[in-house]
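Let me begin by presenting the structure, written as structure tokens, before commenting on it.
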There are 4 protein chains.
Amino acid sequence: MTERNIHVQPASGLAVEDQDIEVVERKGIGHPDSICDGIAETVSRALAQTYIDRFGTVLHYNTDETQLVAGTAAPAYGGGEVLEPIYILVVGRATKKFDGERIPAESIALRAARDYLDKQFPHLDLGSDVIVDVQFGEGSGDLQTVFGEEATVPMANDTSYGVGHAPLTETEQIVRNTEQKLTGEYAESNPVVGQDVKVMGKREGDHIDVTVAVAMVDEHVPDLETYKSAVSDVQAFVTDLAEEYTDRDVTVHVNTADDYDAESIYLTTTGTSAEQGDDGSVGRGNRANGLITPNRPMSMEATSGKNPVNHIGKIYNLLSTEIAQSVASEVDGIRQVQMRLLSQIGSPIDEPHVADATVITEDGVAVGDVEADIQATIDDELADVTDITRQVIDGNLSTF
Amino acid sequence: MTERNIHVQPASGLAVEDQDIEVVERKGIGHPDSICDGIAETVSRALAQTYIDRFGTVLHYNTDETQLVAGTAAPAYGGGEVLEPIYILVVGRATKKFDGERIPAESIALRAARDYLDKQFPHLDLGSDVIVDVQFGEGSGDLQTVFGEEATVPMANDTSYGVGHAPLTETEQIVRNTEQKLTGEYAESNPVVGQDVKVMGKREGDHIDVTVAVAMVDEHVPDLETYKSAVSDVQAFVTDLAEEYTDRDVTVHVNTADDYDAESIYLTTTGTSAEQGDDGSVGRGNRANGLITPNRPMSMEATSGKNPVNHIGKIYNLLSTEIAQSVASEVDGIRQVQMRLLSQIGSPIDEPHVADATVITEDGVAVGDVEADIQATIDDELADVTDITRQVIDGNLSTF
Amino acid sequence: MTERNIHVQPASGLAVEDQDIEVVERKGIGHPDSICDGIAETVSRALAQTYIDRFGTVLHYNTDETQLVAGTAAPAYGGGEVLEPIYILVVGRATKKFDGERIPAESIALRAARDYLDKQFPHLDLGSDVIVDVQFGEGSGDLQTVFGEEATVPMANDTSYGVGHAPLTETEQIVRNTEQKLTGEYAESNPVVGQDVKVMGKREGDHIDVTVAVAMVDEHVPDLETYKSAVSDVQAFVTDLAEEYTDRDVTVHVNTADDYDAESIYLTTTGTSAEQGDDGSVGRGNRANGLITPNRPMSMEATSGKNPVNHIGKIYNLLSTEIAQSVASEVDGIRQVQMRLLSQIGSPIDEPHVADATVITEDGVAVGDVEADIQATIDDELADVTDITRQVIDGNLSTF
Amino acid sequence: MTERNIHVQPASGLAVEDQDIEVVERKGIGHPDSICDGIAETVSRALAQTYIDRFGTVLHYNTDETQLVAGTAAPAYGGGEVLEPIYILVVGRATKKFDGERIPAESIALRAARDYLDKQFPHLDLGSDVIVDVQFGEGSGDLQTVFGEEATVPMANDTSYGVGHAPLTETEQIVRNTEQKLTGEYAESNPVVGQDVKVMGKREGDHIDVTVAVAMVDEHVPDLETYKSAVSDVQAFVTDLAEEYTDRDVTVHVNTADDYDAESIYLTTTGTSAEQGDDGSVGRGNRANGLITPNRPMSMEATSGKNPVNHIGKIYNLLSTEIAQSVASEVDGIRQVQMRLLSQIGSPIDEPHVADATVITEDGVAVGDVEADIQATIDDELADVTDITRQVIDGNLSTF
């Protein structure tokens with residue numbers, strides 16, 4: 001058995017899947033808030049990697065604040081133009097001097113942010129549509145000896161907590177996959193679909209409404225008819241997709257705010273509403289697991305951009321989700337597991353003040369039957385906490 | 001009875017007050033995130049009032065994005081100095097031209113932001129410690145005829161939801177009051193206490209830990225001894241205060257990260273950590289009810305700065321809380337009520353898609369006994385939805 | 001006699017006073033370029049004084065770049081308003097750390113700039129009409145031991161030159177005094193006159209045209225008639241003033257671009273055209289002697305904001321003017337003297353590569369008669385070169 | 001004969017070529033001030049061309065303010081890095097809406113500025129070394145019907161003047177060609193030479209000192225020896241070059257501030273001192289003819305970035321130089337001609353208040369002999385004034 005303070009208890013209420021009303025939301029990678037999340041996390045990874053390359057360890061930094069000020073655009077059938085560029089201010093702290101050597105933190109951040117935009121947003125012209133600015137304060141040069149030969153588990157520097165759950169409900173799966181596939185494979189073969197896709201799933205009893213807002217790219221929309229086709233194509237695609245995840249009734253709504261008579265439609269030049277009026281910032285959209293789930297406990301922590309070595313809020317949110325997934329997949333008879341990790345200031349982060357699993361088991365399985373398995377799974381994951389850091393730096397764990 | 005879609009149902013789980021572990025947090029008004037919330041909301045109110053004064057109605061605007069880039073400071077016993085000013089970028093959209101007349105939206109925002117800082121932060125020198133910048137895009141001039149003679153209820157322009165609960169648990173009351181009284185009456189007579197007070201309450205069974213981080217103001221701290229006294233004074237004050245709200249065991253921790261031997265203490269020149277390394281932005285801290293409550297459903301909506309006439313997310317979060325409070329105070333036998341309002345695009349905002357109350361009653365009271373009363377209370381509040389708008393503009397409703 | 005390389009020679013051409021056409025210009029203190037000059041120089045003085053107070057010597061800095069981005073305003077009879085604030089970016093380098101102590105260079109600059117605006121521009125509301133931003137890079141901490149006990153003459157660190165002349169021609173005197181008195185004593189008793197006064201003097205033979213553009217302050221202009229009166233009052237005042245300096249014919253033109261029929265007049269809310277469309281920056285307006293004199297040799301050096309201890313361009317421009325004035329006032333028979341100082345890299349600044357006086361004497365006086373006196377005067381002034389630095393820091397020498 | 005007010009007169013003094021001391025300076029295209037000039041002018045051309053393409057005419061704009069805030073760099077043998085990016089703020093006014101159509105003035109400016117940097121500065125990495133920001137106010141939409149079918153000569157909107165001279169003295173030719181060839185053909189085959197080349201020529205009697213400061217590019221400098229070779233190569237190249245323009249004694253000094261013992265040398269990563277500590281702005285460096293010539297009358301006008309259709313200061317400075325060149329090349333017996341054009345508010349710009357040529361003829365030629373030819377040449381050039389506008393837009397006339 002473990003020395004760690006691990007609690008396992010049955011949930012007192014209904015599984016989310018069994019609740020009457022369930023609401024789930026995901027902001028796509030091209031939503032202004034997600035753009036900021038993506039930049040913040042990319043900049044974070046670039047800095048962490050630079051520190052490792054140069055000093056064998058990650059130094060103090062925090063880049064979890066990026067502000068996007070929307071531009072102005074005049075989309076038009078066949079291709080419009082951006083009138084006023086989007087302005088993006090990357091804010092943070094970083095160690096700029098260490099061991100007598102200076103580190104080009106701002107230049108790294110600038111390049112990382114621009115490269116990210118270039119790669120993720122094919123309809124955004126980096127030369128004219130966006131201004132990327134950087135303001136970095138200086139962090140302290142305190143060494144974090146987590147990586148390298150003598151890797152050790154860092155101490156928690158704050159009282160914080162993380163939450164995570166598994167498995168995803170049907171509605172959650174639909175919402176997440178809708179966005180990821182639309183902005184992924186679907187957009188690749190249908191460039192009319194921009195990266196700003198917002199999905200809201202609402203389940204009432206056994207009926208699921210999936211509301212999708214898709215920024216269409218004007219270059220690929222010569223006229224209203226083409227737009228209408230694009231909308232029904234998305235509608236059909238999402239309807240098919242949803243059936244993979246549920247047997248419930250699903251109704252898919254696409255760009256419901258359109259008014260065809262007034263030719264008021266969701267047309268963009270760059271594929272994101274950041275081009276016209278929608279500002280954004282880090283940590284206001286998706287939680288660390290990629291979803292907004294008001295039926296579940298959530299953390300307010302802005303995970304993206306935080307230092308993955310010692311920021312307990314980031315690590316515990318990602319780890320809670322990992323643990324929940326491990327429990328759900330490795331322990332038999334689990335219908336729902338909700339993890340919570342609470343830090344203990346001054347203790348190693350692999351020894352949380354409390355690790356708390358609230359479990360709903362399948363019919364015929366008592367929590368007591370699986371408690372030991374669950375505890376063991378949690379214990380293993382905690383023992384391997386620094387793996388989260390490595391995965392984050394390598395870009396294998398999404399934070400939004 | 002009502003035409004509105006109002007549901008009342010018993011909660012399936014335990015009341016939060018009865019759960020094993022409860023975590024509650026509040027970021028004080030001087031926390032960098034709260035500074036941004038406060039500015040965003042103040043700017044919003046100033047704009048709304050200007051539109052009403054000039055045109056008899058609130059025009060389109062949205063000022064829910066403010067980014068704070070921390071400064072650098074050198075606090076010192078007896079009074080240090082700010083080395084690099086805090087930079088605050090107020091971002092938003094506003095109607096700048098209406099009915100042939102131009103509206104000084106940026107100038108109004110600048111003044112409102114500076115006046116707010118001046119009033120709330122007595123230790124911040126506006127002439128040298130802070131740079132306030134403004135970037136406002138242009139919103140559309142669509143008239144919102146909500147105020148004035150022919151006030152009507154606006155239509156919901158988005159699918160959104162709001163959540164609220166009542167009454168507060170003991171831990172929630174302690175956390176909220178600790179911050180409000182420390183930065184209020186206590187700071188007034190003890191100027192050593194700055195405005196950046198962060199409170200975390202953690203209840204395990206019947207033991208409550210209240211962890212308070214207080215930015216002490218160096219001008220009033222001649223030496224380490226004085227600092228230590230200030231810390232124990234706060235500790236005593238909060239301990240007394242907590243007893244007003246609970247009979248449970250309470251332990252109060254103040255500035256636990258201090259290291260007296262290394263003279264590493266929480267000393268500031270301006271009373272906020274924004275002076276040194278802590279950036280902030282809108283909507284990342286307290287929810288609309290002033291708390292962060294991971295045991296409860298929460299909305300990700302950044303309430304502060306949003307237009308209170310037509311932003312459904314803002315209105316429904318504030319209204320849910322108001323409704324929950326009314327139900328808790330006006331209906332007998334309620335232990336806990338959790339409200340959720342879901343909007344219906346294109347319908348008047350007083351007719352939500354669903355208004356959903358999840359209730360835990362006192363022993364001996366069946367939900368069925370009070371269902372009609374609860375519905376009637378909810379119905380009344382919904383009928384009076386525009387009152388929320390007015391209260392927000394008048395500054396009678398806090399948003400963070 | 002002296003060791004310094006001092007040349008005195010007769011001018012080969014006509015005295016400016018005798019040339020057919022003479023053009024002279026002065027941009028008033030409220031012109032956007034002059035606002036930048038004023039801020040840059042004020043910030044420079046504040047920094048220099050801080051360094052002296054804290055370290056007994058002036059450290060490395062340079063604040064000769066300030067960019068003003070014009071605002072937008074809606075002036076109106078009786079008082080209009082600023083719609084979009086003026087944005088001022090103070091740019092520079094400063095030593096931020098010295099001898100283990102940190103220097104709040106940005107905070108000092110911010111305060112100095114705001115105080116300057118507050119004092120000089122009574123119609124500018126600092127709370128809403130202007131955003132002052134600061135971006136300071138770090139200069140090297142090389143000690144400049146010019147002040148304090150062991151004051152020494154610094155070495156020239158660049159090949160540069162300065163020019164100056166004396167006495168002023170009649171046209172020059174009229175132009176300079178017109179601006180200074182209008183924005184000084186006259187504006188004090190006639191608040192309708194703003195600080196943005198631009199004066200151009202053009203002499204053709206014996207006729208002088210003085211063209212004055214005065215930004216009138218709308219608060220003091222209830223109607224067009226009042227405006228017209230204000231214009232004729234200025235016209236009368238300048239006409240009287242000009243007579244003090246010349247017996248030539250003078251015609252004074254005020255706000256000639258006005259079109260009364262179209263009610264297109266030079267009305268401002270703040271007293272400066274920076275409120276509407278006129279950007280500005282350092283060093284684009286008046287030369288170090290306060291004038292733009294295309295009939296004379298001029299230096300392109302932006303004098304304002306430069307470090308007065310070691311910036312040879314600043315020192316030599318100011319010193320050349322001082323020397324010319326001394327020669328003109330102390331040596332008899334001088335009609336015009338044009339000074340030029342050329343630095344020698346690596347030599348003490350009191351030993352210029354060449355100090356070159358081009359002289360026109362009065363009838364009956366040969367240059368040879370006064371050569372020795374002129375040389376002696378120049379020699380004395382050069383010996384006292386560090387006095388320029390002191391006068392600049394004390395604010396006794398204007399740089400624009 | 002002409003109706004225009006054209007004066008021709010003999011100069012009263014010595015030709016500059018005959019004066020004892022002559023000082024001439026040129027800041028290369030990579031000098032921070034010139035970078036700003038280049039961007040401002042490029043942005044101006046891009047805007048003008050856009051207006052012509054879309055509306056057949058140039059609309060109101062002015063982009064003569066660009067502020068460069070230097071970065072920080074760590075150059076090193078073999079290749080260093082930029083630590084903090086250079087920040088460039090492009091400031092101006094432009095017509096953003098005309099005839100119901102919106103014009104993407106900011107996006108055009110952003111692209112033009114970035115393209116210019118990309119093309120001119122091969123060692124500057126646009127992805128990480130520089131932040132380009134744009135702040136454009138709105139100009140009025142007043143139509144300027146200068147181009148298109150019904151081209152007419154615009155009216156002068158200000159009292160302004162321009163100056164120009166021809167031919168260049170030997171020193172002027174050497175200074176200008178040194179910079180242009182070093183940053184041109186020489187840099188192409190010797191990439192060690194950066195774009196920031198500053199040349200000062202000083203002639204005393206018959207001796208010319210040419211002082212050149214060349215920013216060497218670290219990527220091509222593996223060690224001090226290579227640096228020394230690069231310096232002597234430049235020295236030899238300039239020495240040879242100078243002989244093409246003069247028979248006088250010439251001494252060439254390169255990077256005189258270097259201190260080899262301390263290994264303090266002029267090494268850069270990007271080829272410009274803007275990477276480390278040298279800020280810049282428009283109009284502070286070279287005059288419209290590409291030189292700074294304190295022996296000559298100069299205009300303070302910042303020519304770069306100004307609207308070439310109606311900005312009289314820009315047009316008259318360029319035109320004066322063109323006229324002087326025509327007179328010098330087309331009229332026999334001219335040793336030196338100095339042109340000055342003075343505008344007349346409200347008159348067509350081809351009818352200046354006065355066009356004033358001050359002439360020094362060769363021995364045996366009286367000014368009276370060539371007066372008529374000179375007047376005719378001036379008259380022709382004035383009649384063709386709009387050609388200046390066209391040449392500027394086409395990029396055939398340099399402004400700095």
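Letters go in sequence order (proteins before strands), and every chain restarts at 1. What you are looking at is a predicted structure, and each value in this text was computed from that prediction instead of being measured.
Interface remark: A:V354 contributes side-chain atoms only to the contact with chain B (heavy atom separation under 4.5 Å). When heavy atoms are compared at a cutoff of 4.5 Å, A:H353 approaches chain B solely by way of its side chain, counted from C-beta outward. If you measure heavy-atom distances from A:L89 to chain B, the contacts under 4.5 Å come from the side chain alone. The parts of A:L14 that come within reach of chain B are both its backbone and its side chain, each placing non-hydrogen atoms under 4.5 angstrom from that chain. Of the two parts of A:E301, neither the backbone nor the side chain holds a non-hydrogen atom closer than 4.5 Å to a non-hydrogen atom of chain B. For a residue to count as touching a neighbouring chain, one of its non-hydrogen atoms must lie under 4.5 Å from one of that chain's; by this rule A:K198 touches chain B with the side chain only. Heavy atoms of A:T256 lying under 4.5 Å from chain B belong exclusively to its side chain. No part of A:Q276 comes within reach of chain B, as not one of its non-hydrogen atoms sits under 4.5 angstrom from that chain.
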Can you list the steps and then say if B:R93 with A:D278 is a salt bridge (Lys or Arg N to Asp or Glu O under 4.0 Å)?
CA-CA 9 Å; B:R93 322 272 116 205; A:D278 278 2; over 6 Å; no
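Note: B:R287 leads B:E204, B:R296, B:R287 in heavy-atom pairs under 4.5 Å with chain A. The most heavy-atom pairs under 4.5 Å with chain B, out of A:P297, A:P294, A:A257, come from A:P294. By number of non-hydrogen pairs under 4.5 angstrom with chain B, the leading residue of A:Q19, A:K202, A:E84 is A:K202. Put simply, of A:A11, A:G283, A:S281, A:G71, the one with the most heavy-atom pairs under 4.5 Å next to chain B is A:S281.
Residues A:R284 and B:E65 are paired through a salt bridge, judged by an N-O separation under 4.0 Å between the basic side chain and the carboxylate.
The CE atom of A:M298 sits 7.0 Å away from atom OG of B:S299, with the distance rounded to the nearest 0.5 Å. To the nearest 0.5 angstrom, B:F136 atom CZ is 9.5 Å from A:D279 atom CG.
You'll find the side chain of A:E138 stays beyond 4.5 Å of the side chain of B:T72, heavy atoms only. Under the 4.5 Å side-chain criterion, counting only non-hydrogen atoms from C-beta, B:M300 is not in contact with A:E25.
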